[in-house]
S.K.: 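Before anything else, here's the structure in question.
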Amino acid sequence: MKTQLLNENQIEIAAEIIKNGGLVALPTETVYGLGADALNGKAVASIFAAKGRPMDNPLIVHISNISQVYALVREFPDKAKKLAEKYWPGPLTMIMKKSDIIPDEVSAGLDTVAVRFPSHPVAQKLITLSHTPIAAPSANISGHPSPTSFEHVKADMYGKIDAIIDGGCCSVGVESTVITLAGEKPRLLRPGGITLEQLESVIGEVEVDKAVFDKPNDNEKVASPGMKYKHYAPNAKVVILNGETDAYIEYVNARAEQGVCALCYNEDVKRLKVPCVSYGSISDFSQQAQHLFDALRELDEIGAKLVFARCPAPDGVGMAVYNRLIRAAGFEVINI
Ligand code: TXA
Ligand code: MG
């Protein structure tokens, strides 16, 4: 398939593709999405084929105006309204009971739908010009790190989809926070740019789903199907080292050999004796989130075979970084 490479002034072309049931990769403030008309089941099915995504993993429906949510859900709960007033548009996805217009392909057979109103102007304009909500997972091959630049999307999707819109690099860098409001109590299913503390400041207590931190058992039913799959993985084997700076430096330097690399903080680079990819300053969780996926892709480019990674405390936006990194490492953590 020929993939059109579009710029921010060619969104009308992309909107025509969406209206005709095609696939367009679009920038958002979190990561690039792979979009199709959310109300066209056949178009949505082709997203799964292009990504190699398991069909039981539901998609997020993106809107460009809060009023669009009412047609998508059976009920817009009070707590969801409050969160929408405070954090939409932005990196927050809310799961609610779905209405009948949501195709089964979007919700993967569940009775709920995930809705997000992105803040990125290109995403908003594409949704508005398409005159339909847009279903979009991250625009990576299933299992790869999510794409945070036009180059990442091209590497994974060129030749498989109709168009890619170049919107530069994504500012948040990890996918949206996912919270469900479809059960009795609000529950965090995936940490992201909107933190647990920010959610609780608006709606009170929010439970944290077990899958945020723990490896799911093989046959366990998980609230968010995406959390059970191996994710964000570079080709290299990644091992997380949990400990202080000096212990990390010493551990890695003692194992310096061909193929061993470090995924570290900026401050560590000058002390390490192996090739390094740094992903932010030690105390700046937002910067780490922004650069993490790019750093994981870069490790493959420099030919890493075994990567020793530093991992932030799971506080604030650090919770999202921690959640992605333990999945990239297949939950392998060594306490040093
Ligand atoms: O920031 C983002 O959320 C990006 C951009 C493109 O908006 N999208 C994204 O989509 O990360 P995806 O498909 O890669 O991740 C969506 C996650 C998956 O873990 C999926 O299982 C979960 O949300 N999800 C979607 N609908 C759900 C539902 N009805 N119930 C439970 N989990 C759901
Ligand atoms: Mg994804």
Side-chain angles (χ1 to χ4, degrees), residues 24-36 38 44 47-48 50-64 72-74 87-99 102-120 122-124 126-127 133-148 152-153 156-157 165 167 170-183 187-194 209 211-212 216 221-233 289 293 320 323-324 327-328:
V24 175
L26 64 144
T28 85
E29 70 279 17
T30 56
V31 302
Y32 275 74
L34 179 55
V44 172
I47 293 178
F48 289 84
K51 274 183 65 102
R53 180 179 175 107
M55 289 297 288
D56 69 349
N57 194 3
L59 306 181
I60 296 171
V61 176
H62 297 72
I63 56 177
S64 58
L72 306 175
V73 301
R74 229 164 54 206
Y87 299 120
W88 274 0
L92 175 67
T93 296
M94 295 197 274
I95 294 173
M96 293 166 275
K97 295 277 183 210
K98 71 168 193 152
S99 73
I102 303 294
D104 281 342
E105 288 84 354
V106 169
S107 51
L110 301 175
D111 65 350
T112 53
V113 63
V115 186
R116 175 160 116 76
F117 178 177
S119 64
H120 198 293
V122 172
Q124 290 183 1
L126 179 63
I127 298 162
I134 291 183
S138 49
N140 51 288
I141 292 171
S142 219
H144 284 195
S146 297
T148 54
H152 295 165
V153 182
D156 276 18
M157 289 298 154
I165 308 175
C170 303
S171 58
V172 178
V174 290
E175 308 87 341
S176 61
T177 301
V178 178
I179 184 173
T180 177
L181 298 149
R187 192 146 42 96
L188 179 72
L189 301 184
R190 181 175 74 182
I194 301 295
D209 197 82
V212 169
K221 192 170 179 300
V222 289
S224 186
M227 285 286 140
K228 76 183 175 200
Y229 295 107
K230 187 169 172 165
H231 251 94
Y232 317 119
F293 289 143
N323 170 274
R324 305 310 189 275
R327 283 175 169 74

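Read the numbers this way: they start at 1 and go in the same order the structure lists the ligands and their atoms. Keep in mind that this is a model prediction, so the values were computed, not measured.
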S.K.: Within less than 4.0 angstrom of ligand 1, does Arg53 place any heavy atom?
M.R.: yes
S.K.: Name the residue from Ile95, Leu189, Leu92 that meets the side chain to side chain contact (heavy atoms under 4.5 Å, CB included) definition with Ile179.
M.R.: Leu92
S.K.: Provide the closest heavy-atom pair for Ala320 versus Pro191 in the form atom of the first, atom of the second, distance.
M.R.: CB-O, 3.6 Å
S.K.: Where on Leu110 is there a heavy atom closer than 4.0 Å to ligand 1, on the side chain, on the backbone, on both, or on neither?
M.R.: side chain
S.K.: Could you walk me through whether Val174 and Asn323 satisfy the side chain to side chain contact (heavy atoms under 4.5 Å, CB included) test, starting with their C-alpha distance in whole Å, then the side-chain angles of each, then the deciding distance to 0.1 Å, before giving a yes or no?
M.R.: CA-CA 10 Å; Val174 290; Asn323 170 274; over 6 Å; no
S.K.: With a cut-off of 4.0 Å, which atoms of ligand 1 are near a heavy atom of Gly33?
M.R.: 6 (C)
S.K.: Determine, step by step, whether Met94 and Trp88 satisfy the side chain to side chain contact (heavy atoms under 4.5 Å, CB included) criterion, reporting the C-alpha distance in whole Å, the side-chain angles of both residues, the deciding distance to 0.1 Å, and the verdict.
M.R.: CA-CA 10 Å; Met94 295 197 274; Trp88 274 0; 3.6 Å; yes
S.K.: Which ligand 1 atoms, with their elements, are less than 4.0 angstrom from a heavy-atom of Thr112?
M.R.: 28 (C), 29 (N), 30 (N)
S.K.: Would you check the N or O atoms of Tyr32, main chain and side chain alike, for any that come under 3.5 Å of an N or O of ligand 1?
M.R.: no
S.K.: Do any of the N/O/S atoms of Ser142, backbone or side chain, fall under 2.8 Å from the Mg ion (ligand 2)?
M.R.: no
S.K.: Run His144 and His152 through side chain to side chain contact (heavy atoms under 4.5 Å, CB included) and show every step you take.
M.R.: CA-CA 10 Å; His144 284 195; His152 295 165; over 6 Å; no
S.K.: Are any of the N or O atoms of Lys51 closer than 3.5 Å to those of ligand 1?
M.R.: no
S.K.: Taking NZ, NE, NH1 and NH2 as the nitrogens, is one of them in Arg116 or Glu29 under 4.0 Å from a carboxylate oxygen of the other?
M.R.: yes
S.K.: Using a strict cut-off of 4.0 Å, indicate which atoms of ligand 1 neighbour a heavy atom of Ser138.
M.R.: 8 (N), 9 (C), 10 (O), 12 (P), 14 (O)
S.K.: My understanding is that we take every heavy atom of each candidate and find the minimum distance to atom 15 (O) of ligand 1. Doing that for Glu175, Met96, Arg190, which one comes out nearest?
M.R.: Arg190
S.K.: Regarding atom 12 (P) of ligand 1: of the candidates Ala136, Ser142, Pro137, Pro91, which has the closest heavy atom?
M.R.: Pro137
S.K.: With only distance considered, is Asn57 within less than 3.5 Å of ligand 1 through an N or O on each side?
M.R.: yes
S.K.: For ligand 1, which atoms sit closer than 4.0 Å to a heavy atom of Ile60?
M.R.: 3 (O), 8 (N), 9 (C), 10 (O), 16 (C)
S.K.: Hey, are Thr93 and Ser176 close enough side-chain-wise for a donor-acceptor pair under 3.5 Å?
M.R.: yes
S.K.: Quick check: do Ile63 and Leu72 have side-chain heavy atoms less than 4.5 Å from each other?
M.R.: yes
S.K.: To check you understand the geometry: which heavy-atom pair defines the closest contact between Pro118 and Thr28, and what is its length?
M.R.: CB-CB, 4.5 Å
S.K.: Is ligand 1 under 4.0 Å from a heavy atom in the side chain of Lys98, in the backbone, in both, or in neither?
M.R.: neither
